[in-house]
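Notes follow once the structure below has been shown.
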Amino acid sequence: MTTILKTSPFTLAVCAEMVFRALPVLDRLKRITELGFQAEIWDWTKHDIKAIAKSGARFSSMTGYVTGTLADEEGADELLRTARLTIPVARELNCPRLNLHGTGLDGQGLPVVKSEIVTGAMWLKAVDTLKRIADLGEEEGVTFVLENLNAAVDHPKTPFAKAADTIALVAAVNRPSLKLNLDLYHAQIGEGNLIELCRTALPHIGEIQVADVPGRNEPGTGEINYPAIALALNEMGYRGTIGMEAWPSGDDELALSRFRDAFSL
Ligand SMILES: O=C(O)C(=O)CO
């Protein structure tokens with residue numbers, strides 16, 4: 001009998017805040033690394049950075065500490081301030097991407113600015129703020145990635161939440177130090193039509209994140225046909241990172257192996 005081994009053309013990463021949660025973070029990172037994945041971490045102030053820098057884990061992105069908002073002056077200053085504080089930490093962890101949201105999120109993941117109406121002035125200010133962020137990224141050699149969210153389930157009343165909004169903002173800035181974090185879980189809830197969305201977003205993608213809908217569990221547990229998306233991304237020539245930002249539906253190792261299977265060809 002011939003066994004055909006499937007491999008992934010993508011770099012696979014796993015959010016270390018959502019898997020192996022019974023373990024201390026250093027043990028989680030060890031297991032994620034042993035299984036061959038890179039890791040995403042959230043707010044770095046909650047971690048012992050010196051210890052995790054020595055853990056042997058390879059990091060894909062960091063999310064959560066860079067807060068502030070895009071569309072007003074005070075929020076933009078806060079965004080730049082928190083980004084500047086995060087850059088040395090990213091360097092220590094050799095982490096290439098810092099995640100941003102279209103509006104700041106508070107500790108509960110809810111938007112700091114709640115607005116269902118995004119005015120023309122807000123768009124212009126957001127582009128201006130993102131240009132300042134792109135300047136900083138260029139000076140410091142890091143890439144900022146702007147993530148789409150969904151305003152229907154997880155982040156109500158979030159301005160610039162849709163993937164279409166984040167694509168428009170990143171395209172308007174048009175700099176290599178500002179890319180998209182295209183989150184397909186959020187996009188499925190907000191917009192759907194995922195393969196076409198990947199095609200439109202392709203020139204701007206810095207990273208893709210995945211989970212299934214409903215439930216935000218691992219690929220293969222819901223309505224999204226991730227193997228079809230993996231094939232389409234491969235055909236489009238995407239070779240970047242796919243990060244699983246999902247809660248395991250049961251056993252953690254099984255969740256990671258389902259994720260790897262979905263993105264292996
Ligand atoms: O807050 C969320 O829902 C995220 O996807 C963060 O990356």
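In this chain, numbering begins with 1 at the start of the sequence shown. Whatever order the structure lists them in is the order used to number ligands and atoms, beginning at 1. Note that the coordinates shown come from a computational prediction; the quantities given were computed from them, not determined experimentally.
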Q. Among Phe259, Tyr185, Phe37, which residue meets the side chain to side chain contact (heavy atoms under 4.5 Å, CB included) test with Met244?
A. Phe259
(Q) Below 4.0 Å, non-hydrogen atoms only: which portion of Glu17 touches ligand 1? Side chain, backbone, both or neither. (A) neither
Q | CG/Asp251: more than 12 non-hydrogen atoms of other groups inside 6.0 Å | A | yes
Q) Which atoms of ligand 1 are found less than 4.0 Å from any heavy atom of Asn99? A) 7 (O)
Q: Give the numbers and elements of all ligand 1 atoms closer than 4.0 Å to a heavy atom of Glu245.
A: 4 (C), 5 (O), 6 (C), 7 (O)
Q) What is the minimum heavy-atom distance between Pro9 and Leu265, and which atoms define it? A) CG-CD1, 3.6 Å
Q: Give the numbers and elements of all ligand 1 atoms closer than 4.0 Å to a heavy atom of His155.
A: 1 (O), 2 (C), 3 (O)
Q. Is there side-chain contact between Leu184 and Cys198, with at least one heavy-atom pair below 4.5 Å?
A. yes
Q) For the side chain to side chain contact (heavy atoms under 4.5 Å, CB included) test, which of Leu98, Ile41, Leu85 pairs with Tyr65? A) Leu85
(Q) I'd like to check whether Trp42 has a polar contact with ligand 1, where a contact means an N/O of the residue lying under 3.5 Å from an N/O of the ligand. (A) no
Q: Return yes when Thr63 approaches ligand 1 closer than 4.0 angstrom through a heavy atom, no otherwise.
A: yes
Q: Report yes if some N/O of Asp154 lies less than 3.5 Å from some N/O of ligand 1; otherwise report no.
A: no
Q: Any chance you could lay out the side chain to side chain contact (heavy atoms under 4.5 Å, CB included) test for Leu12 and Arg260, step after step, and finish with the verdict?
A: CA-CA 8 Å; Leu12 300 183; Arg260 194 198 308 276; 3.9 Å; yes
